[in-house]
Protein chains: 2
Amino acid sequence: MKVLIVEDDQFHSTFLQDALVEAVPEVTEIVHAANGAIGEDEARRGEIEAIVMDLQMEQRNGIEAARTIWAERPQSRILFWSNYADDAYLRGIAHIVPEDSAYGYVLKTASRERLKLALRAVLVEGQIMVDREIHRLQKRGSSPRTRLDDSEFDVLIDLALGLQDKLIAERRGMSLRTVQNRLLSLYEKLGVISELDDEVMLNKRVRALNRALVTRTINIETLETTQRDLETWLKER
Amino acid sequence: MKVLIVEDDQFHSTFLQDALVEAVPEVTEIVHAANGAIGEDEARRGEIEAIVMDLQMEQRNGIEAARTIWAERPQSRILFWSNYADDAYLRGIAHIVPEDSAYGYVLKTASRERLKLALRAVLVEGQIMVDREIHRLQKRGSSPRTRLDDSEFDVLIDLALGLQDKLIAERRGMSLRTVQNRLLSLYEKLGVISELDDEVMLNKRVRALNRALVTRTINIETLETTQRDLETWLKER
DNA sequence: AGAGATGTTGCGGATTCCCGCAATAGTCTT
DNA sequence: AAGACTATTGCGGGAATCCGCAACATCTCT
């Protein structure tokens, strides 16, 4: 079994390798890649189907790499190994994971045992496995009062990119007023109103982005990658 | 010589310790702390004056910890060891570093040799040492056309927190129109106008925050820590 | 099928934002 | 010290945003 490790941090990479040979003795070869772009090449060249990948990397992050890898070889099994439990990563993965392919998400703060468990479960057994910590975070918002639905999330992205209402309406195919309704519920769910509310008036648009960032609903990488999507959309409209 | 290591990542912590004993044989004792709050306690209890500290930590980050440590013991020598070269960190440090005390800033991607050099230079020799990579980043903006001055940076912070013009004016003691002038030059320097300019109209306020984030002028931790400053200001006005 | 809940859209107005124009104050140069 | 620059501030107006009100459209449940 060939396994590809995509990780740009030296120490984490070797730590990962150690855990891997312990947890999965059937490994015959381990290939390393220091960022997402190299990872894609290696996966292509080596016809590799078992991958452990960091999410935060220079150049090209894990989500983007996974997207092209899965596009070329949908049955690839990918275990994401990340520092953060940002909701944006989960949504990003949820959007690109192919039907019935195996993947997992483990935090770097997880114990070595849990990492080894996830390595076996995903790479060998082909299971889906998401770290409990992350699930907790995902759940926390699951009271529908706080959790954003997909269309709200789309509008949040556009807001974060700096589009104004009219453009968002055009891009998402809604009326101006509907966009504003979405924004309204965004302000509600992100806690823009409740906080410093009385007395202090805030710029809700900026505050919404601020809250989305500190609550880990989106992150800076989200801004960067969605920016590219926006640019292509702008060209072909 | 007693040295305190403040670092929440297991691997990095031991790596740091190894480099430390190699580079600084005069070390007699090494104390570990897993986050900023514990670090403050240890520094206080142990009367430690040589510290190596990560910047990104849960709970309480390196800048905040350094602020209280330096407030209590200004001659402390602190080497910051960070993943990122965000401008926000540099500004944060520049604001709190006491007169003629030693500090340094090294990236985690730096070679072991450079780390060891910095350890000696800062902890033993009491020099000031900033990683070349960071300086490069700081310089890049140093064409005054792009680099933010302090008052612009202040306004950027307030904008990022979601304050509206009137409140910023009150907080920073300027007139409304002056705030708007600052915003104008912010939009200019952050590249809000130049990008997608013609055709596409943007919400400049949000776009400014977006640009400030992706250019690493500020980061999410900045949002969190400055939020606390804002809250105290709000109470006592 | 009918009643109620939820989502979408238009209209209008109060507020905020963006910024050109112009007067004044402060700084630098020669 | 006079002239040139730059920063600060007020005024005013066009555009964008926020949001209540109300009319439909859809969906759900019994």
Side-chain angles (χ1 to χ4, degrees), chain A residues 143-212, chain B residues 143-212:
Chain A
S143 77
R145 220 181 311 286
T146 336
R147 175 108 190 130
L148 305 187
D149 64 36
D150 281 347
S151 96
E152 284 164 343
F153 193 79
D154 287 342
V155 172
L156 172 59
I157 294 298
D158 288 349
L159 177 149
L161 290 172
L163 302 191
Q164 40 189 122
D165 299 3
K166 212 164 73 176
L167 255 189
I168 302 177
E170 182 186 339
R171 186 179 188 197
R172 302 301 179 183
M174 341 183 207
S175 84
L176 196 70
R177 194 59 181 83
T178 303
V179 171
Q180 294 172 334
N181 281 340
R182 290 287 138 74
L183 289 173
L184 222 49
S185 60
L186 273 180
Y187 299 154
E188 184 73 30
K189 292 185 177 177
L190 290 172
V192 171
I193 330 276
S194 61
E195 294 186 303
L196 310 165
D197 52 350
D198 54 303
E199 195 78 14
V200 184
M201 293 303 290
L202 297 172
N203 179 309
K204 312 212 169 177
R205 236 149 212 272
V206 174
R207 191 66 190 172
L209 177 49
N210 181 312
R211 296 290 306 156
Chain B
S143 76
R145 221 180 309 288
T146 336
R147 175 111 191 127
L148 305 186
D149 64 36
D150 281 348
S151 95
E152 284 164 343
F153 194 80
D154 287 343
V155 172
L156 173 60
I157 293 298
D158 287 350
L159 177 147
L161 291 172
L163 302 191
Q164 41 189 121
D165 298 3
K166 212 164 73 176
L167 254 189
I168 302 177
E170 181 185 341
R171 186 178 189 198
R172 303 300 179 183
M174 339 184 207
S175 85
L176 196 69
R177 194 61 181 81
T178 303
V179 171
Q180 295 171 333
N181 281 339
R182 291 286 140 74
L183 289 173
L184 218 53
S185 61
L186 272 180
Y187 300 154
E188 184 73 29
K189 292 185 177 178
L190 290 171
V192 172
I193 330 277
S194 61
E195 295 185 303
L196 310 165
D197 53 348
D198 55 302
E199 194 78 16
V200 184
M201 294 302 290
L202 298 171
N203 180 307
K204 312 212 169 176
R205 236 150 211 272
V206 174
R207 190 66 189 172
L209 177 50
N210 182 312
R211 295 290 307 156

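Residue B/K204 places none of its side-chain N or O atoms closer than 4.0 Å to OP1 or OP2 of D/dA16.
Contact annotation for B/Q164: backbone-only contact, meaning every heavy-atom pair under 4.0 Å involves sugar-phosphate atoms and none involves a base. A/N181 comes within 4.0 angstrom of a nucleotide base, judged by non-hydrogen atoms across all strands.
Here CD of A/Q164 is found 9.5 Å from NZ of B/K204. Values are rounded to the nearest 0.5 Å.
If you measure from atom CG of B/L183 to atom P of D/dA7, you get 15 Å, rounded to the nearest angstrom. Atom CZ in B/R207 sits about 19 Å away from atom C1' in D/dT17, given to the nearest Å. As rounded to whole Å, 12 Å separates atom P of C/dT16 from atom CG of A/L202. To the nearest angstrom, P of C/dC18 lies 11 Å from CG of B/L186. In this structure, CD of B/Q180 is placed 15 Å from C1' of D/dA7, rounded to the nearest angstrom. What separates CG of B/N203 from C1' of D/dT17 is a distance of 9 Å, to the nearest Å. Look at CZ on B/R182: it is 16 Å from P on C/dC19, rounded to the nearest Å.
Looking only at side-chain heavy atoms (C-beta outward), A/L163 and B/L202 come within less than 4.5 Å of each other. Two residues are said to be in side-chain contact when any heavy atoms from C-beta on lie closer than 4.5 Å; A/M174 and A/V155 meet this criterion.
With sequence neighbours excluded, the residues forming a salt bridge (Lys or Arg N to Asp or Glu O under 4.0 Å) with B/R172 are B/D158, listed by chain and number. Partners of A/E152 according to the side-chain hydrogen bond (donor to acceptor under 3.5 Å, both in side chains) rule, which considers only residues two or more places apart in sequence or in another chain, are A/S185, A/K189. Residues satisfying the side-chain contact (heavy atoms from CB on, under 4.5 Å) criterion with A/N210, sequence neighbours excluded, are A/R207, A/V214, B/L161, B/L223. Listed by chain and residue number, nothing satisfies the side-chain hydrogen bond (donor to acceptor under 3.5 Å, both in side chains) test with B/D154 (two or more places apart in sequence, or in another chain).
Of all heavy-atom pairs spanning A/I168 and A/L159, the tightest one is CD1-N, 4.1 Å. In terms of heavy atoms, A/A160 sits closest to A/L209 at CB-CD1, 3.7 Å. In plain terms, the two heavy atoms of B/L148 and B/L156 that are nearest each other are CD1-CD2, 3.8 Å. Pairing each heavy atom of B/R211 with each of B/G191, the nearest pair is NE-O, 4.2 Å.
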Report, one pair per line, the protein and nucleotides 23-25 of chain C atoms (nitrogen or oxygen only) whose separation is under 3.5 Å.
none

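Within residues 166-178 of chain A, the residues that place at least one heavy atom under 4.0 Å from DNA chain C are, in residue-number order, A/M174, A/S175, A/R177, A/T178.
Comparing the helix axis at one end of the helix from C/dA1-D/dT30 to C/dT30-D/dA1 with that at the other, each defined from 5 consecutive pairs, gives an inter-axis angle of 40° (nearest 10°).
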